[in-house]
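Some notes on the structure that comes next.
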Amino acid sequence: MKQITEGIVGIGVDDREIDLFEGQYPVPNGMSYNSYVIFGDKVAVMDTVDRRFVEKWLDNLDGALGGRKPDFLVVQHMEPDHSAGVKAFAEKYPDAKIVGNTKTFVMLAQYFEDLDLETRKIVVADGGTLDLGNRTLTFVFTPMVHWPEVMMTYDAATGTFFSADAFGKFGASDADEYWTDEARRYYIGIVGKYGVQVQSALAKAAKLDIARICPLHGPVLTSDLGGYIGMYDTWSKYEPEDKGVTVAYTSVYGHTEEAAKLLAGELTARGVKTEVFDLARCDISAAVASAFRYDRLALATTTYNGDIFPYMRTFIDHLTERNFRGRTVAMIENGTWAPMAAKVMKGMLEGSKDITYASVVTLRSAVGAAGKAAIAALADELAKA
């Protein structure tokens, strides 16, 4: 348990055994599932946790209550890592009301077919309130950030904004790591497709006097809130966060790898910040986050069965699915007899808005002197972009 501020206690749990969040995102420093208790004249519990930790969460709740009984469970988000404990809570506290919106209760019925909440549910509207006696909670609907039922909650008494999955990050609550890197990877991977909806949510949040942000993953944010909100604004507008080049490559026999690393070295020598990713071996979510972070992207791959190497195709799919746009893109293609990679990659990116293409470097097998000269010229072009 952790005291958040006057009348608010954190009762979430840390998962240090998980290897892949949502079955695809490596989380070497674990994951936190946050839940909170708000104490007024009446008591409201904010969300639950993943099913593997429901018993521990109930113990935490019992300890925080100190003999009191909860009056409400507010369900802000129905993803199972936050709603798995709803049934157990409802059974343990039969007098408590369950608070959500219309879509919340549709999903609850899908997850818990035998859970009858008809006489216990409180259906709230956007801008609706919940009276706890000496403090009032206001609900802010934020659909598709990043599920359709998502709502956030504001406690005016303390200026606390319960932000559901927004402003969350990978990592256990005590992970000793820089917030931005894992928050960026989390945002781009999980929420990144929904920039328009995030902009709408930020507009609603701007009308509130927020002193702290309590997300469902990661630490409570209490200082430099403008900085955190500013990052979300940048990310959701799909604007580059920094100047630099992400070099992403695939290679079969090492020649394309040599070309990609040669380009990275040339860029570094020109003072350009550069990150390099072998797409067959790296955490692809980190490569995707890097591509959204920087204003330039270099793609290097082989022609493969008249197409491109599968890992590069997957990478570009991840980019376009998340509305990749507004970048300068360079390409290095390699093909011993019929180079096709640049054509295929441009075709995959044709729906991406505001892409500026740098020169294409075409290699035929090994890099060679001509290839090295072309890569140096491409580095000059990217450094000036």
Side-chain heavy-atom pair [X], [Y] within 4.5 angstrom cut-off:
X	Y	result
R16	D174	yes
M345	T301	yes
T246	R296	no
L20	V27	no

Between [atom1] of [X] and [atom2] of [Y], what distance do you get to the nearest 0.5 Å?
X	Y	atom1	atom2	result
R325	S352	CZ	OG	8.5 Å
S32	F170	OG	CZ	11.0 Å
K346	I355	NZ	CD1	12.0 Å
I8	F39	CD1	CZ	10.5 Å
H77	M107	NE2	CE	9.0 Å

Distance-only polar pair, side chains of [X] and [Y], donor-acceptor under 3.5 Å:
X	Y	value
N29	E182	no
T153	Q76	yes
T48	W57	no
T160	R212	yes
S35	D47	no
H146	D165	yes
T158	D155	yes
E333	T362	yes
E241	T234	no
N334	T256	yes
H217	D81	yes
T104	E149	no
S236	Q199	yes
Y238	N323	yes

Tell me whether [X] is salt-bridged to [Y], with the criterion being a basic N under 4.0 Å from an acidic carboxylate O.
X	Y	value
R52	D15	yes
K56	D59	no
E118	K121	yes
K237	D233	yes
D95	R120	no

Counting only heavy atoms not in [X] (residues, nucleotides, ligands), do more than 12 fall under 6.0 Å from its [atom1]?
X	atom1	value
Y253	OH	no
D41	CG	yes
D209	CG	no
K193	NZ	no
Y232	OH	yes
K69	NZ	no
E113	CD	no
R51	CZ	no

Give a yes or no on whether the backbone of G335 and the side-chain of T303 come within a donor-acceptor separation of less than 3.5 Å.
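No: the side chain of T303 does not pair with the backbone of G335.
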Test your reading of the model: is there a side-chain donor-acceptor pair from S251 to the backbone of E257, 3.5 Å cut-off?
yes
Are K169 and Y186 in a cation-pi setup, meaning NZ or CZ lies under 6.0 angstrom from the ring centre and within 45 degrees of the ring axis?
no
Is the terminal nitrogen or CZ of K42 (NZ for Lys, CZ for Arg) located under 6.0 angstrom from the six-membered ring centre of F72 and within 45° of that ring's axis?
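That pair does not qualify as a cation-pi contact.
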Check whether V13 and M1 end up in the same hydrophobic cluster, where Ile, Leu, Val, Met, Phe, Trp and Tyr are linked by side-chain heavy atoms less than 4.5 Å apart.
yes
Which residues pass the salt bridge (Lys or Arg N to Asp or Glu O under 4.0 Å) test with D62, sequence neighbours left out?
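Once residues adjacent in sequence are excluded, D62 has no partner under the salt bridge (Lys or Arg N to Asp or Glu O under 4.0 Å) criterion.
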Just jot down the side-chain contact (heavy atoms from CB on, under 4.5 Å) partners of D126, sequence neighbours excluded, or say none.
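Here the qualifying residues are F141, K204.
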